[in-house]
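One structure is given here, and the rest of the page talks about it.
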Number of protein chains: 2
Amino acid sequence: MDLETVRTFVAAADAGQFQEAAAELAVTQQAVSKRIAALERNLGVRLFTRTARGAELTIDGQAFLPHARELLRVAERAVASVRTGRRPLRVDVIASRSAQSGLMRGFHRAHPDIELDVVMLFDIETAVAAIRSGAIDASFRAVAVPGRPLPEDIESVRVLDEPLQLLTGPAHALAGARSVTVAQLAGHRIWMPGIVPGTEWAAYYDDLVAEFGLTIEATGPNFGSDALLDTVADTPALATFMGEPTRLVWLADHGLRRIPVTDPTPVYPHSLLWHRDKPHPALATLRAHLAATAAGHDATGTWAPGWVIPR
Amino acid sequence: MDLETVRTFVAAADAGQFQEAAAELAVTQQAVSKRIAALERNLGVRLFTRTARGAELTIDGQAFLPHARELLRVAERAVASVRTGRRPLRVDVIASRSAQSGLMRGFHRAHPDIELDVVMLFDIETAVAAIRSGAIDASFRAVAVPGRPLPEDIESVRVLDEPLQLLTGPAHALAGARSVTVAQLAGHRIWMPGIVPGTEWAAYYDDLVAEFGLTIEATGPNFGSDALLDTVADTPALATFMGEPTRLVWLADHGLRRIPVTDPTPVYPHSLLWHRDKPHPALATLRAHLAATAAGHDATGTWAPGWVIPR
DNA sequence: CTGTGGGCACAACCGTTGGTTGTGGCCGAC
DNA sequence: GTCGGCCACAACCAACGGTTGTGCCCACAG
């Protein structure tokens, strides 16, 4: 199906005749006739009843019309999403199931009129480069890895601390615990495949390991979180970390247990980054929304690396 | 833009390489390459970065991807809307701003998973024919015009009485009234263009006129409700009837006044009609929903023609 | 460093699609 | 009955989109 054909259908439905629609689309009446005929052939139904002074929609045509309009709307939004200049607010998040995705969903609920696109970049270096090039408008990241400070033209504000929880299979030694302390984790194997050295998330876990003497294995390729969870569920000696907002529904299927970590609770610090000189119109709204929702969080009893920017 | 191209883009993005996407779509790798190149040319941005072992999305490509998926979803729904057998529930209403549209919106809110198409047919005769032919699954209509009883295979239930209100311009003699009695309306000109003799709505207004001695003019072609409202707003001697649920927002612009009618309140009786032997899977849900919402309405002090089916 | 294999792009070719012009038929209005 | 408006069909042609054949690039292994 061709969108130009759909556009022709809508034009003909609105005009009530092919002739006028043809003029509107700057083609001949015969072309419209052919397009509609082809569409009807594809769909297997008659969309118009041809009368002596025009064409009016059949019942099927009436049912199809709003879907056709919706199709054109979505197509327009799709094109707008990659239009240079005045495109939707484009934000980078670290993972689709992470806390910042929840923040963005909340923002979208609060401001459904603001067009939004979410992308996932590799690491903060890529994100900063994308912000500076204008490819994205903002990024949620843990910032300021030691030795690599943010450039002058990038501003940031800490918006969310995501508590880490332990994820174990039903046969794990700690599976029955209501909560565990960080000290208890020493000696247990924690598996987090896919950690790439040099990224800011690798730096976070490096610091976590150094601070509390944990054992985090990053061996093996990352086959996606489903494969990870399957393995953790089936391997009694293995556990992994996962952010708190991860939905429970798809954990239950695997028989997985989520256990809060305390004394202190490691939190992954998310900051919003943006360019000092390239303010997207919707960016101010996003910052205001985040400031409003982030207020009231308590940092006592939590741990984050010393190199992250303070709250 | 061609939907087959969009489908190709999504397949390539999912596969991470053109070759595999080509196999999935049963075309050659070169065809995929050409399609993607054409799409990139149309959009004016690069969607993939070609690497030695595949193609991965650029930031623009990542932003475009969810829109592309949405486009395919909408297209599928559009095709499904005219598919014979197992298509969405298709309901006929009398006018888009009428009470039944509100009912259908409420139903959609209550059951967002049920696919729904709304059409507007000419009169009950057309609607009954469409129900019997299977073109629609149900219809909201005032039924049983005297002398033309419903066929045996059509069932119906009265679901909503829509109170009529008087609509006047600011300079109308009754513009300041909080409410008017039917008796007060005698002698005032009420204009309702577009009433077609022989339809069930014409029969309703005929009965209303005969019962209370009103003056309803149906002269002149119907140029749409906007033109009607403009004229009513500017003509002190003219008023019209409109159903109660009509939204106020777009009445205020015209300086229009809506005045309840009492002693008695004329109500337009809407019934749901459906075929005894062609039950759409979702029809039972709709009937249950209507039964639940319609309960508790009070018929005292209202008037409807004697020929409509009882509540 | 070099050979190799996998993957994408370019070129040439060709059938089909989708546009045009020209024309005919139908139906409602006068 | 005639006229006018509108849509469908036919013939023709350009352009698009597919195929096969081939070359280049890059990652990886030897």
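By convention in this document, chain letters (A, B, ...) are assigned in the order of the sequence lines, proteins followed by strands, and residues within each chain are numbered from 1.
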Under 4.0 Å between a side-chain nitrogen and a carboxylate oxygen: does that hold for [X] and [Y]?
| X | Y | value |
| --- | --- | --- |
| A/Asp60 | A/Arg46 | no |
| B/Lys278 | B/Asp153 | no |
| A/Glu4 | A/Arg7 | yes |
| A/Asp92 | A/Arg141 | yes |

State which residue, out of B/Ile136, B/Ile131, B/Val118, fulfils the side chain to side chain contact (heavy atoms under 4.5 Å, CB included) condition with B/Arg90.
B/Ile136
Using whole Å, report how far [atom1] of [X] lies from [atom2] of [N].
| X | N | atom1 | atom2 | value |
| --- | --- | --- | --- | --- |
| B/Glu20 | C/dC8 | CD | C1' | 15 Å |
| A/Phe18 | D/dC6 | CZ | P | 13 Å |
| B/Glu24 | C/dG7 | CD | C1' | 17 Å |
| B/Arg53 | C/dG6 | CZ | P | 14 Å |
| B/Leu39 | D/dC16 | CG | P | 16 Å |
| B/Gln17 | C/dC8 | CD | C1' | 11 Å |
| A/Arg41 | D/dA8 | CZ | P | 13 Å |
| A/Phe48 | D/dA8 | CZ | P | 10 Å |

Do other residues, nucleotides or ligands put more than 12 heavy atoms under 6.0 Å from B/Arg73 CZ?
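Correct, the count exceeds 12.
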Any side-chain to backbone donor/acceptor pair from A/Glu125 onto A/Thr199? Under 3.5 Å, distance only.
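No, A/Glu125 side chain to A/Thr199 backbone: no donor-acceptor pair under 3.5 Å.
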On DNA chain C, does the nearest nucleotide to B/Ser33 precede the nearest nucleotide to A/Thr51 from the 5' side, or the other way round? Give the residue.
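Whichever sits nearer the 5' end wins; that is B/Ser33.
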Axis-to-axis angle across the helix from C/dC1-D/dG30 to C/dC30-D/dG1, five pairs each end, nearest 10 degrees, ~ 30°
Can you tell me which nucleotide in D/dA8, C/dC8, C/dG28 comes closest to the side chain of A/Ala52?
C/dG28
If only side-chain N and O atoms count, and only distance matters, is there a donor-acceptor pair under 3.5 Å linking A/Asp117 with B/His67?
yes
Please name the residue in the list B/Lys34, B/Arg50, B/Arg35 that meets the salt bridge (charged side-chain N to carboxylate O under 4.0 Å, His left out) test with B/Glu40.
B/Arg50
Contact list (N/O, under 3.5 angstrom) for nucleotides 16-20 of chain C vs protein:
residue: C/dG19; atom: OP1; partner: A/Arg35; partner atom: NE; Å: 2.8
residue: C/dG19; atom: OP1; partner: A/Arg35; partner atom: NH2; Å: 2.6
residue: C/dG19; atom: N7; partner: A/Lys34; partner atom: NZ; Å: 3.1
residue: C/dG19; atom: O6; partner: A/Lys34; partner atom: NZ; Å: 2.4
residue: C/dT20; atom: OP2; partner: A/Thr28; partner atom: N; Å: 3.2
residue: C/dT20; atom: OP2; partner: A/Thr28; partner atom: OG1; Å: 2.7

